[in-house]
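The structure under discussion appears below in the form of structure tokens.
Note that these values count all heavy atoms, side chains included, but never hydrogens, waters or copies made by symmetry.
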Amino acid sequence: MLHCAAVFDRLPPRCATPAQLPHIPLSHFTGQAAAISGAHMAYLLLRHTYLGLASTLIQAILWIKNCVLCKLWLRTCGLIDSVLVVVLHRHRPLGHARRWRHPPVYRPLVDLSTMEERHVILTYRLDRATIQELCAQLEPDLMSAIRQPTGIPPQVQVLPVLHFLASGSLQTTVAMASGMSQPMFSKVLSRVLSALLKHMRSYIVFPEVGDLPTVQGDFYALGHIPNFIGAIDGTHVALVPPHRSEQVYRNRKSYHSMNVQMVCLADQYISHVNAKFPGSVHDAYIMRNRSIPYVMGQLQRHCVWLIGDSGYPNMSWLLTPVRNPRTRAEERYNEAHGRTRRVIERTFGLLKARFRCLHMTGGSLFCSPKKVCQIIVACCMLHNLALRRQVPFLQEDGPDGGVVAAVEPVESEEEEAEEDDIDNRNTVIQKYFL
């Protein structure tokens with residue numbers, strides 16, 4: 001009769017050695033235990049591997065082998081021993097079985113190299129070179145979030161997100177156009193937004209001390225009021241509110257939104273954005289409870305101001321218009337103040353026209369409030385990127401082949417606030433408008 005040690009010696013090289021078998025002590029294969037027959041070895045393997053139906057079949061074979069007739073046929077018994085050990089040795093439970101799966105291959109449906117430059121700008125609001133640089137910048141963050149060795153290429157992730165922000169369409173529509181499912185596009189959207197927000201400090205920057213003279217000169221050219229470094233105001237972005245806190249997001253225009261506060265420069269560059277408050281919160285409350293007072297307090301020694309509408313209180317670093325002008329100097333101040341402050345309204349109009357997902361005509365955003373805030377900040381970053389790269393704003397039905405030189409300002413939606421400090425404003429009126 002062939003013993004189990006001899007049977008293991010005859011196993012193919014790809015099989016494991018006896019020492020590698022799970023739950024089987026090595027002492028069973030050495031010393032006096034080497035004389036254990038293949039049947040006993042099979043029984044030990046059965047006790048430690050729990051093969052289910054296979055164990056019943058092998059036990060039946062062992063019972064037949066132990067019969068009187070089988071004991072007379074020694075060669076047959078040795079053959080049965082060999083078969084049992086090989087079957088038990090090669091068998092794996094279903095939990096350990098691994099099927100080979102080919103890695104998915106994602107082929108882009110859009111080739112930027114074959115598209116016209118105008119069509120690229122109309123679809124994605126950025127030109128071809130800017131999109132390629134943006135994909136290269138976000139590639140480490142986008143690929144590190146994917147567990148598969150061959151994930152979705154960065155360009156295949158960025159292009160649908162840019163199209164979604166620019167068109168304001170539903171996620172299902174954009175996903176079908178990009179060859180994805182809606183759940184997959186939702187994951188890609190979150191991934192791209194998170195990667196973009198990591199670089200927010202590189203796109204949205206408040207003017208530094210060295211840049212203040214240039215910024216003040218640009219604002220002075222608008223309304224001939226010196227020392228302005230930014231225009232502040234708020235706008236609303238519609239969204240579908242959560243069911244439990246629906247009333248918190250209802251603004252004074254009777255629709256649900258996020259109240260977004262921004263500060264822009266004279267060239268419509270966004271230097272500060274805050275999109276964390278619901279639509280029912282007043283602009284003055286947002287300004288008092290965020291970082292703007294701290295930043296302006298640090299720059300107060302440079303005698304610089306922000307310009308805002310009557311919805312904000314008049315502060316030492318914020319100039320608002322005179323509510324009821326009584327003198328000609330106050331009227332001239334209000335006219336100059338209005339010409340200067342319109343830059344923030346034009347910025348809102350250009351931002352929402354460039355990215356239709358923020359405009360009411362694009363419908364409400366069907367996302368959570370947290371993701372809506374991420375979308376707003378991402379649109380502001382891409383808006384600054386387009387201005388920095390001098391990408392023209394195009395529309396299908398715009399004049400001169402779709403080029404829009406300026407966007408009509410929208411009226412302010414804020415209520416008048418109480419005035420706190422008017423000494424600074426009176427000083428400006430007496431010094432520059434008498």
Side-chain angles (χ1 to χ4, degrees), residues 112 115 117-142 154-155 157-159 161-166 192-219 221-222 228-233 235 260-275 295 306 342-358 374-395 398 402-407:
L112 289 179
M115 297 176 60
E117 189 71 18
R118 182 178 181 274
H119 184 57
V120 173
I121 297 176
L122 282 173
T123 307
Y124 305 110
R125 299 299 191 259
L126 299 175
D127 57 2
R128 184 182 295 107
T130 305
I131 293 176
Q132 293 175 353
E133 293 184 5
L134 182 63
C135 294
Q137 183 182 16
L138 301 181
E139 181 176 1
D141 298 322
L142 295 180
Q155 183 173 326
Q157 301 183 55
V158 173
L159 290 182
V161 174
L162 292 179
H163 180 52
F164 170 75
L165 300 178
V192 174
L193 292 177
S194 300
L196 269 174
L197 294 180
K198 291 182 180 180
H199 304 275
M200 184 182 65
R201 299 301 180 185
S202 302
Y203 291 91
I204 303 177
V205 183
F206 209 78
E208 299 181 356
V209 177
D211 301 330
L212 294 182
T214 304
V215 176
Q216 293 174 8
D218 295 339
F219 271 104
L222 297 178
F228 278 139
I229 63 171
I232 185 172
D233 202 358
T235 185
V260 186
Q261 188 175 88
M262 298 184 192
V263 178
C264 75
L265 306 182
D267 56 356
Q268 301 180 7
Y269 183 90
I270 299 175
S271 59
H272 176 81
V273 59
N274 181 16
V295 174
L306 293 181
R342 289 193 188 101
V343 64
I344 185 64
E345 307 294 349
R346 291 195 297 268
T347 302
F348 289 154
L350 180 60
L351 175 66
K352 292 185 178 182
R354 192 188 295 271
F355 300 102
R356 305 299 296 183
C357 64
L358 305 180
Q374 295 177 347
I375 290 174
I376 295 171
V377 177
C379 290
C380 295
M381 295 171 57
L382 297 174
H383 168 80
N384 289 347
L385 178 61
L387 293 180
R388 185 184 305 172
R389 298 298 299 268
Q390 298 181 357
V391 180
F393 173 58
L394 304 180
Q395 282 185 338
V403 179
V404 179
V407 179

Student check: side-chain heavy atoms of Val158 and Tyr124 closer than 4.5 Å
no

Check the pair Leu350, Gln268 against side chain to side chain contact (heavy atoms under 4.5 Å, CB included), reporting the backbone distance first and the verdict last.
CA-CA 9 Å; Leu350 180 60; Gln268 301 180 7; 3.0 Å; yes

Side chains of Ile375 and Phe355: does their closest heavy-atom pair fall under 4.5 Å?
no

Would you indicate whether the side-chain heavy atoms of Pro154 and Leu138 approach each other to under 4.5 Å?
no

Ile270 versus Val263: any side-chain heavy-atom pair under 4.5 Å?
no

Leu162 and Val192: side chain to side chain contact (heavy atoms under 4.5 Å, CB included), yes or no, with the steps?
CA-CA 10 Å; Leu162 292 179; Val192 174; over 6 Å; no

Side chain to side chain contact (heavy atoms under 4.5 Å, CB included) between Asp233 and Thr347: does it pass, once the steps are laid out?
CA-CA 10 Å; Asp233 202 358; Thr347 302; over 6 Å; no

State, yes or no, whether a side-chain contact exists between Leu387 and His383 at a heavy-atom distance under 4.5 Å.
yes

On a heavy-atom basis, which atom in Lys352 and which in Thr235 lie closest, and how many Å separate them?
NZ-OG1, 2.7 Å

Taking all atoms of both residues into account, what is the closest heavy-atom pair of Phe228 and Phe219, and its distance?
O-CD1, 3.4 Å

Give, for atom SG of Cys135 and atom CG of Leu112, the distance between the pair rounded to the nearest 0.5 Å.
7.5 Å

When rounded to the nearest 0.5 angstrom, what distance separates CG in Leu306 from CD1 in Ile229?
5.5 Å

Just wondering, do Asp141 and Lys198 contact through their side chains at under 4.5 Å, heavy atoms?
yes

Drop me the distance from Met200's CE to Gln374's CD, to the nearest 0.5 angstrom.
11.0 Å

Euclidean distance, Leu122 CG relative to Leu394 CG, rounded to 0.5 Å
5.0 Å

Please report the closest heavy-atom contact between Ile344 and Met262, naming both atoms and the distance.
CD1-O, 4.1 Å

Rounded to the nearest 0.5 Å, how far apart are CZ of Arg388 and CG of Asp267?
11.5 Å

Do Asp127 and Thr130 pair up side chain to side chain, a donor and an acceptor below 3.5 Å, judged on atom types alone?
yes

Separation of Met115 CE from Ile121 CD1 (nearest 0.5 Å)
10.5 Å

Tyr203 to Leu134 - nearest heavy-atom pair and separation
OH-CD1, 4.0 Å

Do Ile232 and Gln261 make a side-chain contact, defined as non-hydrogen atoms from C-beta onward lying under 4.5 Å apart?
yes

Taking the side chain as everything from C-beta on, heavy atoms only, tell me whether Asn384 gets closer than 4.5 Å to Ile204.
yes

What's the shortest heavy-atom distance between Arg356 and Ala166, and which atoms?
CG-O, 3.0 Å

Side chain to side chain contact (heavy atoms under 4.5 Å, CB included) between Asn274 and Val260: does it pass, once the steps are laid out?
CA-CA 6 Å; Asn274 181 16; Val260 186; over 6 Å; no

Could you tell me which non-hydrogen atom of Pro392 sits nearest to which non-hydrogen atom of Arg354, and how far apart they are?
O-NH1, 4.5 Å

Whether Glu117 side chain and Arg128 backbone form a donor-acceptor pair below 3.5 Å
yes

